[in-house]
Student: 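Here's a structure for you.
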Amino acid sequence: MTLLADFTDAVARYEAVIGLETHVELGTTSKMFCGCATEFGAPPNTQVCPTCLGLPGSLPVINENAILFAVRIGLALHSSIADWCRFARKNYFYPDMPKNFQISQYDEPLCVGGHLDVEVDGQTHRVGITRVHLEEDTGKSLHVGGATGRIHGATHSLVDYNRAGIPLVEIVTEPEIRSPEVARAYVVELRELMVALGVSDARMEQGSLRCDANVSLRQHGESRLGTRSETKNLNSLRSVERAVRYEISRQAARLDAGGRVVQETRHYDEGTGTTSGGRTKEESTDYRYFPEPDLTPLALSADYVAAVRYDLPELPAQRRARMAEKFGFSPLDLEQMRNGGVLDRVEETIAAGAPPAEARAWWLNDLARRAAEAGREPAELAITGPDVARVIGMVAAGTLTSALARQVVDGVLAGEGPPDEVVATRGLAVVRDESALGAAVDEAIAANPDVADKVRGGKLPAVGALVGAVMKATKGQADAQAVRALLLERLGQG
Amino acid sequence: MRELLRLPATEIAAAVAKGDLSAVEVTRVHLDRIAGVDGEVAAFLHVDAAGALAAARSIDEQRTKGEPLGPLAGVPIAIKDVLTTRGVPTTCGSRILDGWRPPYDATVVRKVRAAGLIPLGKANMDEFAMGSSTENSAFRPTRNPWDLTRIPGGSSGGSAAAVAAFEAPLALGTDTGGSIRQPAAVCGLVGAKPTYGGVSRYGLVAFSSSLDQAGPLTRTVLDAALLHEAIAGHDPLDSTSIDTPVPSLAAEVGRDVAGMRVGVVRELSGEGYQPEVEERFREAVALLGDLDAEIVEVSCPHFAYALPAYYLIAPSEASSNLARFDGMRYGLRAGDDGVASAEEVMSRTRAAGFGAEVKRRIMIGTYALSSGYYEAYYGQAQKVRTLIARDFDAAYQQVDVLVSPTTPTTAFPLGERVDDPMAMYLADLCTIPANLAGVPSMSLPCGLADGLPVGFQIMAPALADDRMYRVAGALEAELDARRGHPLLDEVPAL
Amino acid sequence: MTITRDEVAHLARLARLALDETELDHLSGQLDVILNSVARVREVAAADIPPTSHAVPLTNVFRPDALRPSLAREEVLAMAPAAEEGRFRVPRILDEV
Ligand SMILES: [Mg+2]
Ligand SMILES: [Zn+2]
């Protein structure tokens, strides 16, 4: 039974020192060193060739887009790009690694230094970047015969090498993160950056972005680092935060009891939210790195790097600053839209002519709710920013009531076409025909003589019931304000 | 049909092109010869009679249709078993690949086919090209056609023996530390190691990636030049392949050497060199002087460190290159009893599948790369490599080519050095510097010592492969003229 | 002694070679001789000499990010010592990272 300290107590007594190593699969068309496809979800071992299977005699050739993407990432993280560097072989045996070495980078990474600013509760935390380097992914093993796919207790494994050779960047932070919340926010920010740069879909659930968390504790005010544990393969934002939180509690309990933290690799169990140590090896791993003789060095020119820098898209932080200034959004607005994943949509909606506040409200309220009902992200809904802007516009022009507007959105989401088409086919425009409305008003008065008398007698709020009757009769297509005014006029209160 | 068997490749091709001989006839004669003598010579590990006859038929069809044929079309060739051949067994002389049929052709094999050459089968070799006698073949040792009790050199011993025993007019070998030139020398053949990067390594099962290079083994300098031209050229599948046009080599054969400056390497003589070998070498140098070449003695002081540097670099790279042979994806799997772990099965497979010399080198390489020893061994060897390249650069300031004996001794008896790795390694004393510096080098026969062939080595600057063919062509012509016949006419009948 | 028998055993584990006791003894002796001999590279004072990792002066050799045909799965798995469900079947992997 692992002893755990209360988290709040733990962070009161100790300072947590957290560093993250993030592996991001690059969204290149072909693999890092061969022409096989990188698409997720293909039948096993159908995207393999002599090179990514490590067959005898095969050789690697660098994918130029992998270099381009890595340089983009480095520049976006304010790293300096090496003007000369090499790939290295990292030698260790593992069945999912076809050559039993990984082509990676060692003492000469492509990008060095840099930082990423992360906001949590309106406060900015600068996370230092140690390095960004390129390497190749491994295959994927299915463990058979043990408890539900766990490696432990399995009798054998089945390996699919489709993933082997997909380009990865490894992004290593300085041990400068101090809380699980900042760790999580760093991953959120990094993920958003990857998407904005167009270098990865950064989908944690598909493993195209995965984190290792190094956690250690020390007394507040102490400058030396404590002994750290390394928790591997965190596959969701929730896991990152929970695993770090768990490690802080676990290590605090050890230290409280006068024990020592063991430097080791740990696995995170998504189900229980706990980490556990792996088999401790008799000897520490010796990767026997040496320069990869099959690849020539990289010597990227200043011109090349300048061109990549020039072509960088607007980065998420820049964009948030711009949206705050131009549209008047508050930091909280922006954080909500970002967490809701609707920044793009809101901006499209504004661009199509909608007022910023209404664009924001539609996406964060109505559409977010509908997305939640459908179990999807708002951005995945079958409605575009211009569609939403059109609906907002029609409400403003008085041709739709807000109730009608919701029906129009229903129609668009159901695939009935753009808003104007839905309005036409469903016949949803506000009824402005004075005679039709007049008839409905007269009918309502005739059908509710008691209420009518009350209103005539000066009890104005009673008119609501008559408005409701008229709205019902017109199937909601009348403008309630106009109906009310007409009713009051007929009842001598106008 | 003894004459046909002894014809140079160029003459066979000419006869095929004219229609005096059919490629099928040529192929049959060589297959018969193999059937007749290979029981004694053991040059081949696998004879692909069906494939060879099919290729020959297609050449004959091309000729009947009047399609143009290349200068070597219709000539049979032996392929060293370290080069992958689609659908044809490729073992690298190792049990660990016994039965493996690659799904692809090496680029040189593809080029050889495209040139109309007819692959007869796969030639025996030291396991994974590690050795100088072909006694490290896991299957059987090859014998020297000059004296069946002696070694044919190695690691391309099967290729050399096949050509010297008239089983094939041409052969492809590979040279990491002398593995083409040393067998050529002790079998009385011409053998060339091209400039590193001049010939694609794609499909050459890597021993030491930064040193390996494929090249021709032939009976004449012109044949070597033509085969070298046929396999050379840029290959986008090999990152270390040089993107410059293939130089014309055959055109150099027949030019005179008057005024060329020939440097005799002082360090490649003296102790450990068989006196008769040095005598034949000096006679050949004098002959070049008679042809009005300028003879200069030059010093390359760091060549003394070439052998130790080589025996660190090559095993280091090999320890990594050979890691992929683990019984998981192809080839031998040993000790999989359903209980043993992947790690255990890998270890058992490698213990069972690799021979003693391969294990020795893997161990040396693992040691030289391991943390704590890297700088003193691998790192220092890489610096020696720089110093040797500088020695070459300095020498080529003074001379056009460098010359030395190819090997310190003639072919030694089978079994003499198998238990003494250090003695075996000395066979490559003169050939290793060219591999370390990546410069081209070739060997041609310069006479006999006690009835056994002596090799004359010519080295040229990188990309100046043409220069060594000019010198070799002139020397061969003069030697043949003085002798009155090619040296191979003196090989005893089998 | 440049290398001890224990070190040789450690190297054999690193290199995944299941060597028996006799082989280890034999190899220890040979490795010691070879390593003593190649250690001569250390005699060369080369503090200011850059190491050479590649014999060609090439840099920035890239390929375009384009697809090339993969192998057919039947051909891939035909090579495998064991295959199941379209995958390579391998013995149990120990729980280590
Ligand atoms: Mg990594
Ligand atoms: Zn591939």
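Since we're looking at a predicted model, the values are computed, not measured. All chains are named by letter (A, B, ...) in the order of the sequence lines, taking the proteins before the strands, and each is independently numbered beginning at 1.
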Student: Answer with side chain, backbone, both or neither: which region of A:Tyr92 has an atom nearer than 4.5 Å to a non-hydrogen atom of chain C?
Tutor: neither
Student: Between C:Val56, C:Val61, C:Leu71, which residue shows the highest count of heavy-atom pairs closer than 4.5 Å to chain A?
Tutor: C:Leu71
Student: Can you tell me if A:Glu270 has over 12 outside heavy atoms packed within less than 6.0 Å of its CD?
Tutor: yes
Student: Can you confirm whether more than 12 heavy atoms, excluding those of A:His23, are under 6.0 Å from its NE2 atom?
Tutor: yes
Student: Check whether C:Pro64 gets within reach of chain A through its side chain, its backbone, both or neither, counting any heavy atom under 4.5 Å.
Tutor: both
Student: Is it the backbone or the side chain of A:Thr155 that comes under 4.5 Å from a heavy atom of chain C, or both, or neither?
Tutor: backbone
Student: Identify which part of A:Pro95 has an atom lying under 4.5 Å from any heavy atom of chain C, answering side chain, backbone, both or neither.
Tutor: side chain
Student: Do A:Leu55 and C:Met79 come close enough that some side-chain heavy atom pair is under 4.5 Å?
Tutor: yes
Student: Checking A:Pro297 against chain C: side chain, backbone, both or neither under 4.5 Å from a heavy atom?
Tutor: both
Student: Identify which part of A:Leu142 has an atom lying under 4.5 Å from any heavy atom of chain C, answering side chain, backbone, both or neither.
Tutor: side chain
Student: If every non-hydrogen atom of A:Asn45 is compared with every non-hydrogen atom of C:Arg87, which pair is closest and at what distance?
Tutor: ND2-CA, 3.3 Å
Student: Measuring only between side-chain heavy atoms, which start at C-beta, is C:Glu84 closer than 4.5 Å to A:Val144?
Tutor: no
Student: Quick one: of A:Gly145, A:Ser157, A:Gly153, who has the most non-hydrogen atom pairs under 4.5 Å with chain C?
Tutor: A:Ser157
Student: Minimum heavy-atom separation for A:Cys36 and C:Ser70, please, with both atom names.
Tutor: SG-OG, 3.2 Å
Student: If I measure from the heavy atoms of chain C, does A:Leu53 come under 4.5 Å with its side chain, its backbone, both, or neither?
Tutor: side chain
Student: For the side chain of C:His54 and the backbone of A:Glu292, is there at least one donor-acceptor N/O pair under 3.5 Å apart?
Tutor: yes
Student: Applying the side chain to side chain donor-acceptor pair (under 3.5 Å) criterion to C:Asp65, which one of A:Asn63, A:Thr38, A:Thr28 satisfies it?
Tutor: A:Asn63
Student: Out of A:Leu300, A:Asn233, A:Asn100, A:Asp96, which one racks up the most heavy-atom pairs below 4.5 Å with chain C?
Tutor: A:Leu300
Student: Quick one: CZ on C:Arg73 to CG on A:Asp160, what's the gap to the nearest 0.5 Å?
Tutor: 8.5 Å
Student: Is A:Cys34 in contact with chain C via its backbone, its side chain, both, or neither, using a 4.5 Å heavy-atom distance?
Tutor: backbone
Student: Relative to chain C, which segment of A:Glu230 carries a heavy atom at a distance below 4.5 Å: side chain, backbone, both, or neither?
Tutor: neither
Student: Can you tell me how far CG of C:Leu94 sits from OH of A:Tyr94, rounded to the nearest 0.5 angstrom?
Tutor: 8.5 Å
Student: Which bit of C:Ala15 comes within less than 4.5 Å of chain A, counting heavy atoms only: side chain, backbone, both or neither?
Tutor: backbone
Student: Can you see which heavy atom on A:Ala37 is nearest to which on C:Leu67, and at what distance?
Tutor: CA-CD2, 3.5 Å
Student: Could you state the interatomic distance from OG1 (A:Thr51) to CZ (C:Arg68), rounded to the nearest 0.5 Å?
Tutor: 8.5 Å
Student: C:Arg63 and A:Val61: which non-hydrogen atoms are nearest, and at how many Å?
Tutor: CD-O, 3.2 Å
Student: Restricting to non-hydrogen atoms, name the atom on C:Val90 and the atom on A:His156 that form the minimum distance, rounded to 0.1 Å.
Tutor: O-CB, 3.3 Å
Student: Quick one: which of A:Val159, A:Leu68, A:Leu298 has the most heavy-atom pairs under 4.5 Å with chain C, could you say?
Tutor: A:Val159
Student: Locate the shortest heavy-atom distance separating A:Thr296 from C:Asn60; write the atom from each residue and the value.
Tutor: OG1-N, 3.7 Å
Student: What part of A:Ala154 gets closer than 4.5 Å to chain C, counting heavy atoms only: side chain, backbone, both or neither?
Tutor: backbone
Student: Is the closest side-chain heavy-atom distance between C:Phe62 and A:Asn65 below 4.5 Å?
Tutor: no
